[in-house]
Amino acid sequence: MPDAIKISLPDGSVRTEPAGTTARAVAEAIGPRLARAAVAARVNGDVWDLDRPIREDTDLEILTEQDPAALEVLRHTAAHVLATAVRELFPDARIGFGPAIADGFYYDFEVPQPFTPEDLEAIEQKMQEVAESDYALVREEVDRQGARERFKDDPLKLERLEELGDDETISVYSDGPFVDLCRGPHVPSTGKVKHFKLLHAAGAYWRGDSRRQMLQRIYGTAWFKKADLEAYLHRLEEAEKRDHRVIGKQLDLFSIQEDVGPGMILWHPRGAIIQHELRRFIEDELLKRRYDLVFTPHVTREELFFRSGHLPHYEEQQFPAMAAGEGDADDARYRVKPMNCPMHTLVYAARQRSYRDLPVRLAEVANVYRNELSGTLHGLLRVRMLTMDDAHIFCREDQIEDEIFDMLDLTDLVLNKTFGFEYRIDLATRPEKKIGDDAAWEVAEQALERALKRLDLTYGIDEGGGAFYGPKIDIKLRDAIGREWQGTTIQLDYQLPERFELEYTGSDNKPHRPVMIHRAIFGTLERFVGCLIEHFAGAFPVWLAPEQVRVLPITEEQAEAARAVDAALRAAGVRSSVDDRNDTLNYRVRDGELMKVPYLAVVGKREVEQGSVAVRARGAKQKQEVMPAAEFTQRVVERIRSKALEV
RNA sequence: GCUGACGUAGCUCAAUUGGCAGAGCAGCUGAUUUGUAAUCAGCAGGUUAAGGGUUCGAGUCCCUUCGUCAGCUCCA
């Protein structure tokens with residue numbers, strides 16, 4: 001080992017330091033302000049503790065509170081502070097994992113009794129004490145036997161320990177009374193953890209495995225600055241106001257009622273019209289892109305789902321079988337459909353297909369039913385009755401890329417150009433539970449990847465996230481509080497054509513097997529509308545707004561004129577109504593604003609005389625814009641036609 | 001499905017140690033005829049999720065079921 005090492009700093013300068021120096025020492029050498037601000041260091045790209053000795057030539061970057069990586073370090077330490085506090089209050093608690101996560105951290109504990117809200121308060125209090133004690137986070141490298149000794153009372157840690165490879169460094173971190181098996185890094189001392197809050201506790205399976213014991217997970221958030229913590233908590237509050245379940249109620253869009261069943265959506269008129277518009281939009285677009293529309297039964301013989309392979313794999317998520325219909329064999333049972341692919345497959349197979357026919361694109365906006373686990377249901381975002389904008393493309397292998405290209409193009413038109421969503425693309429590869437051999441999977445996965453690359457799209461890999469019959473491209477949208485939900489899905493399938501023995505006649509006059517692509521652009525209209533509600537906070541673009549114009553006569557005297565304006569709008573295809581309720585104008589303006597109606601058109605004495613309307617556009621600075629009624633109608637019609645995001 | 005919390009009028013929420021189920025908004029009726037975010041008055045609205053138990057007495061305590069929420073698992 002050399003006595004002196006070279007430390008390269010981000011500004012390009014190189015310092016020579018004694019081997020075994022630390023990032024803290026370098027920071028101090030550079031200047032006292034940097035030393036005070038230092039939280040951690042990036043050493044050759046990895047984040048390290050400030051006090052970990054550096055023994056080789058390195059690139060070094062001192063991380064201060066400004067660096068996002070530093071925040072992650074802080075939160076990881078906050079998790080240790082949490083565990084320290086829990087161990088003080090519940091000495092028998094066994095410790096699981098405690099990582100930093102987006103916006104915060106958690107720690108899992110095995111305890112005989114779940115934590116109560118009062119426990120959380122006490123723990124938070126104790127965390128404050130741990131922070132004030134300002135314990136140094138001390139890193140120590142130990143051998144396996146030493147680690148076994150230290151964690152002999154923590155079976156969860158021992159289990160993790162045994163998984164570590166022989167070439168891996170085993171490190172432990174202690175802060176005051178608490179010791180944890182941990183890779184680190186950490187902030188120098190618990191005193192850095194000043195601004196935090198415990199958010200909630202919930203059960204979580206050990207190692208995320210539902211066959212193993214349930215631990216108690218405590219979630220919290222931590223920030224360097226008090227203002228950041230407060231801003232985050234405020235953001236959570238604001239997000240709650242965008243919650244589609246709250247807005248759905250306020251705007252009378254839909255309801256979920258116990259009498260109907262969990263996960264079953266009742267679309268009220270104002271919500272149904274949104275679904276109707278989305279449906280028209282996508283169906284028109286599909287017809288332009290040479291898709292064909294089909295309709296297939298909601299209930300079919302269950303044999304179909306055995307043949308497709310769905311029932312053996314996903315029986316618990318299908319609704320139970322129904323009795324046979326009269327005249328059917330006794331053993332012919334029926335199932336409500338959880339997906340459309342077997343039916344579309346049969347439409348394809350209903351006649352001979354030539355290579356000249358391909359691709360065959362069959363689309364159906366259809367309701368399917370899935371008996372999802374009760375604990376997973378969530379407003380519109382996870383339901384048991386799903387309205388899928390489903391389609392299946394049957395094509396030759398050499399057509400896959402073009403088809404995927406067109407689907408991704410359509411996806412971008414819908415998500416980005418039309419609604420301004422930001423989305424994340426994942427390529428999901430073969431899962432454990434799958435049918436078909438690895439060679440076929442390999443070909444399929446590569447085909448998707450090639451299409452993505454050709455489009456130069458940024459995407460992540462979701463290892464093992466594929467469907468049981470093939471790999472897929474998933475696109476995820478975020479809800480108001482940042483949770484991701486799968487919207488668009490594009491899935492390649494070599495299995496179903498096999499199972500249904502699909503064929504086409506090639507130019508060689510021989511039978512060939514087509515490839516099948518499943519895809520849904522919205523995903524489900526329930527989930528998509530849910531995301532739209534949160535995205536727009538209920539203030540939909542004009543073309544989607546359930547009520548596009550509300551005409552307000554100031555007094556009864558203008559009621560007739562208001563109805564004429566309304567009739568003209570209706571005739572032009574605008575969803576308009578008259579609010580001539582016996583209430584003040586102020587009251588009705590307020591009501592229209594709260595219902596997020598894009599345009600309130602006020603008709604008073606002056607307007608009647610001039611044949612004009614005083615338009616109040618939603619959210620506009622100028623509260624009154626007087627214009628001829630015909631001009632207003634033109635403006636609304638244009639906004640609808642162009643699917644404008646602005647009113 | 002699992003762990004925990006919760007469930008009071010259409011909505012948002014009160015109801016002291018177990019002691020007469022309430023308010024605001026919405027709704028209805030009437031008055032008012034309104035110029036850009038709540039006019040006034042009156043009326044009506046409940047098997048306190050459902051079922052069982054403890055008690056002189058249960059919205060409140062206990063049990064079961066259903067549902068909701070958070071998280072885990074799952075998510076064709």
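Chain naming here is simple, since letters A, B, ... match the order of the sequence lines and numbering starts at 1 in each.
The NZ-C1' distance, from A:K596 to B:A37, rounds to 12 Å in whole Å. We find that CG of A:N586 is positioned 12 Å from P of B:C40, with the value rounded to whole Å. Look at CG on A:D108: it is 16 Å from P on B:G4, rounded to the nearest Å. Nucleotide B:A26 holds its C1' atom 12 Å from the CE atom of A:M595, rounded to whole Å. Separating the CG atom of A:L236 from the C1' atom of B:A70 is a distance of 12 Å, rounded to the nearest angstrom. Look at CZ on A:R588: it is 17 Å from C1' on B:A26, rounded to the nearest Å. Going from atom CG of A:L120 over to atom C1' of B:G71 covers 13 Å, rounded to whole Å. Residue A:R382 contributes atom CZ, which lies 13 Å from atom P of B:C69 at whole-angstrom precision.
In this structure, A:D583 reaches the bases: a heavy-atom distance under 4.0 Å links it to at least one base atom across the strands shown. At a threshold of 4.0 angstrom between heavy atoms, the contacts of A:Q216 are confined to the sugar-phosphate backbone, with no base atom among them. When heavy atoms are screened at a 4.0 angstrom cut-off, A:L552 is found touching no nucleic acid atom at all. Across all strands, A:P338 comes closer than 4.0 Å to base atoms (heavy-atom distances). If you check every strand for non-hydrogen atoms under 4.0 Å, A:Y106 touches nothing.
Near RNA chain B, meaning a heavy atom under 4.0 Å away, the residues from residues 197-214 of chain A are A:H200, A:A202, A:G203, A:A204, A:Y205, A:G208, A:S210, A:M214. Near RNA chain B, meaning a heavy atom under 4.0 Å from it, residues 242-269 of chain A has A:R245, A:K249, A:E258, A:P262 in order of number. Applying a 4.0 Å cut-off to non-hydrogen atoms, the residues of residues 371-381 of chain A that approach RNA chain B are A:L373, A:S374, A:G375, A:T376, A:L377, A:H378, A:G379, listed by residue number. Of the residues in residues 615-629 of chain A, A:R616, A:K623, A:Q624 come within less than 4.0 Å of RNA chain B through at least one heavy atom, sorted by number. Within residues 477-498 of chain A, the residues approached by RNA chain B to less than 4.0 Å at the level of any non-hydrogen atom are A:R483, A:Q491, in residue-number order.
Pair assignment for B:U3 gives B:A70, based on Watson-Crick or G-U wobble hydrogen-bonding distances that are each under 3.5 Å. Nucleotide B:A26 is matched to nothing when pairs are restricted to Watson-Crick or G-U wobble geometry with both distances under 3.5 angstrom. Partner assigned to B:U33 is none, using Watson-Crick or G-U wobble distances below 3.5 angstrom. Across every strand in view, B:U55 sits unpaired, with no contact that passes the Watson-Crick or G-U test at under 3.5 angstrom. The pairing partner recorded for B:U48 is none, the criterion being a Watson-Crick or G-U wobble arrangement whose two distances lie under 3.5 angstrom. Checking B:A21 for Watson-Crick or G-U wobble geometry (two distances, each under 3.5 Å) identifies no partner in any strand.
Comparing B:U16 with B:G7, their P atoms are spaced 14 Å from each other, to the whole Å. A distance of about 24 Å separates the C1' atoms of B:A31 and B:U36, rounded to the whole Å. Annotation: B:U3 and B:C20 have their P atoms spaced 37 Å apart (nearest Å). Taking atom C1' on both nucleotides, B:G57 is separated from B:C74 by 47 Å, rounded to a whole Å.
Geometrically, A:R217 engages A:Y106 in a cation-pi contact defined by less than 6.0 Å to the ring centre and at most 45° from the axis.
Once the 5.5 Å centre distance and the 30° plane angle are applied, the aromatic ring of A:Y314 is found stacked with the base of B:A76.
For A:E556 against B:U33, a side-chain N or O and a base N or O form a donor-acceptor pair under 3.5 Å. With hydrogens and angles ignored, a donor-acceptor pair under 3.5 angstrom links the side chain of A:E607 to the base of B:G35. You won't find any donor-acceptor pair under 3.5 Å spanning the side chain of A:R217 and the base of B:C72, going by distance alone.
The pair A:R94-A:E159 fails the salt-bridge criterion, with no side-chain N (NZ, NE, NH1 or NH2) lying under 4.0 Å from an Asp/Glu carboxylate O.
Place A:V589 and A:H310 on RNA chain B by their nearest nucleotides, and A:V589 ends up nearer the 5' end. If you find the closest nucleotide of RNA chain B to A:E593 and to A:M388, the one lying nearer the 5' end belongs to A:E593.
Surrounding CD of A:E484 are more than 12 heavy atoms belonging to other residues, nucleotides or ligands, all under 6.0 Å away. Other residues, nucleotides and ligands place more than 12 heavy atoms under 6.0 Å from the CD atom of A:Q558. Taking a 6.0 Å sphere around CZ of A:F295, one finds it holds 12 or fewer heavy atoms contributed by other residues, nucleotides or ligands. No more than 12 heavy atoms of other residues, nucleotides or ligands sit less than 6.0 Å from atom CZ of A:R211. Counting heavy-atom neighbours within 6.0 Å of A:E316 CD, excluding the residue itself, gives a total above 12.
For the residue pair A:H392/A:N340, the side-chain donor-acceptor check at 3.5 Å is not satisfied. Under 3.5 Å, the side chains of A:S576 and A:D566 contain a donor-acceptor pair of N or O atoms. Between the side chains of A:W485 and A:D479, at least one donor-acceptor pair of N or O atoms lies under 3.5 Å. With 3.5 Å as the limit, one finds no donor-acceptor pair spanning the side chains of A:T555 and A:E557. Side chain to side chain, A:H518 and A:T489 fail the donor-acceptor criterion of an N or O pair below 3.5 Å. Side-chain contact annotation: A:E526 with A:T387, donor-acceptor N/O pair under 3.5 Å present. In this structure, a donor-acceptor pair under 3.5 Å is present between the side chains of A:T429 and A:E463.
Side-chain N/O atoms of A:K605 include none lying less than 4.0 angstrom from OP1 or OP2 on B:G35. Regarding contacts with the backbone of B:U36, every side-chain N or O of A:Y599 stays at 4.0 angstrom or more from both OP1 and OP2.
For the side chain to side chain donor-acceptor pair (under 3.5 Å) test, residues two or more places apart in sequence or in another chain that qualify with A:H310 are A:S308.
A:F115 has its ring centre less than 6.0 Å from the ring centre of A:F90. For A:Y348 and A:F500, the ring centers sit 6.0 Å or farther from each other.
Side-chain proximity of A:Y587 to the nucleotides B:C72, B:A38, B:A76 is greatest for B:A38.
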